[in-house]
Visitor: 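First the structure, which I've put down as structure tokens, then a few questions once you've had a look.
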Amino acid sequence: MYDVIYIFRGILIGLMVSVPLGPMGVLIIQKTLQKGALAGFVAGMGAAFADLFYATVAAFGLGFVVTTIQTHELILQIIGGIFLIIVGLTIYFGNPLKQIRTKKRVSKTGLLGDFLTLFFLTVSNPVAIVVFMAVFAGASVFGDEPSIQVELFVLSGIVIGGGLWWYTLSTLVNIFRKKFRLRVLITINRVSGVIITILGGLVILSAFGPIRAILSGA
């Protein structure tokens with residue numbers, strides 16, 4: 001019975017970190033519109049497993065990993081921002097009609113690429129580890145007597161919660177996708193590309209102290 005409680009706590013945390021639609025959410029919606037529900041869900045799981053990575057580091061207190069991430073935080077943010085800009089421009093100038101018109105089945109290689117793209121982009125945001133550390137410390141997620149077993153239950157719940165959200169989102173978006181005309185899909189593709197490119201630029205700007213203070217309203 002207690003096992004279910006800890007898994008449920010993890011599911012809630014997974015939903016909490018996944019539901020806000022940042023650049024990852026926009027990118028997953030775009031992939032769903034272009035390639036279908038499966039591609040969107042697989043891409044979402046890339047983000048979910050990246051969250052799981054940071055949650056694992058926070059839960060087990062892997063000091064070396066935390067130190068390494070903090071040391072290279074600036075580089076990670078800049079690389080992540082550049083990657084977002086490249087993805088955004090690729091989406092903007094790409095033609096979403098090719099895959100829709102040919103009606104080809106999404107290949108395993110393509111799905112792996114979608115998964116790795118979202119995994120890398122999410123991992124390049126070191127702020128995630130701070131979020132998990134704060135949640136774990138303030139909410140008594142692991143109970144009064146934390147153990148490896150309890151932590152594993154919570155961590156499994158986190159990836160399940162993220163998976164549930166990305167499955168729901170990709171399924172709903174795919175339903176509306178079938179009702180869109182081709183011209184609307186092109187417009188959505190262009191808008192998504194612009195949004196992701198701008199967000200990539202903001203990620204790079206936020207990596208620098210003075211600009212970070214301005215963006216945070218400090």
Side-chain angles (χ1 to χ4, degrees), residues 11 14-55 76-77 79-125 128 158-204:
I11 291 175
L15 289 171
M16 180 187 72
V17 299
S18 299
V19 169
L21 285 179
M24 304 307 110
V26 174
L27 185 52
I28 289 167
I29 290 174
Q30 188 277 331
K31 285 186 177 296
T32 303
L33 288 172
Q34 183 176 349
K35 298 182 180 181
L38 179 59
F41 172 68
V42 171
M45 290 309 296
F49 273 91
D51 287 335
L52 176 63
F53 168 75
Y54 276 130
L76 285 172
Q77 280 192 261
I79 292 176
I82 293 173
F83 196 14
L84 271 176
I85 291 174
I86 293 174
V87 171
L89 292 175
T90 300
I91 291 172
Y92 182 86
F93 291 107
N95 184 1
L97 304 185
K98 288 183 179 180
Q99 191 162 8
I100 296 173
R101 284 175 172 170
T102 54
K103 297 181 180 179
K104 291 182 179 179
R105 183 176 298 176
V106 180
S107 66
K108 293 182 179 179
T109 304
L111 291 176
L112 178 61
D114 293 333
F115 178 91
L116 293 177
T117 296
L118 268 296
F119 179 85
F120 174 79
L121 285 173
T122 306
V123 165
S124 67
N125 179 22
I158 289 174
V159 73
I160 292 172
L164 286 173
W165 167 247
W166 297 123
Y167 176 80
T168 302
L169 180 65
S170 60
T171 300
L172 291 176
V173 171
N174 190 57
I175 291 174
F176 289 102
R177 166 181 176 260
K178 297 176 181 178
K179 298 181 180 181
F180 289 152
R181 294 183 178 181
L182 298 180
R183 184 172 297 178
V184 176
L185 287 176
I186 294 177
T187 301
I188 293 174
N189 212 61
R190 296 281 170 81
V191 172
S192 299
V194 170
I195 292 174
I196 293 171
T197 301
I198 292 175
L199 289 173
L202 291 176
V203 168
I204 294 175

Visitor: Please name the pair of heavy atoms, one in Ala39 and one in Leu111, separated by the smallest distance, quoted to 0.1 Å.
Guide: CA-CD2, 3.7 Å
Visitor: Looking only at non-hydrogen atoms, find the nearest pair between Thr197 and Leu89 and report the distance.
Guide: OG1-N, 3.4 Å
Visitor: Using a 4.5 Å cut-off on heavy atoms from C-beta on, say whether the side chain of Thr32 contacts that of Phe41.
Guide: no
Visitor: What's the shortest heavy-atom distance between Lys31 and Ala43, and which atoms?
Guide: CD-CB, 3.8 Å
Visitor: Using a 3.5 Å distance criterion without hydrogens, assess whether the side chain of Ser18 forms a donor-acceptor pair with backbone atoms of Leu15.
Guide: no
Visitor: How many angstroms lie between atom CG of Leu169 and atom OH of Tyr167, to the nearest 0.5 angstrom?
Guide: 12.5 Å
Visitor: If you take all heavy atoms of Ala55 and Ile158, which pair is closest and at what distance?
Guide: CB-CD1, 3.7 Å
Visitor: Going from CG on Asp114 to CE on Met45, what distance comes out if it is rounded to the nearest 0.5 angstrom?
Guide: 14.0 Å
Visitor: To the nearest 0.5 angstrom, please state how far the OH atom of Tyr54 sits from the OG1 atom of Thr122.
Guide: 9.5 Å
Visitor: Search all heavy atoms of Gly163 against all heavy atoms of Ala48 and return the closest pair with its distance.
Guide: N-CB, 4.4 Å
Visitor: Kindly compute the distance separating CD1 (Ile28) from CG (Leu118), expressed to the nearest 0.5 Å.
Guide: 4.5 Å
Visitor: Can you give me the closest heavy-atom contact between Val42 and Phe115, atom names plus distance?
Guide: O-CD1, 3.5 Å
Visitor: Is there side-chain contact between Gln30 and Ile195, with heavy atoms separated by less than 4.5 Å?
Guide: no
Visitor: Measure the spacing between CZ of Phe119 and CG of Leu112 and express it to the nearest 0.5 Å.
Guide: 12.0 Å
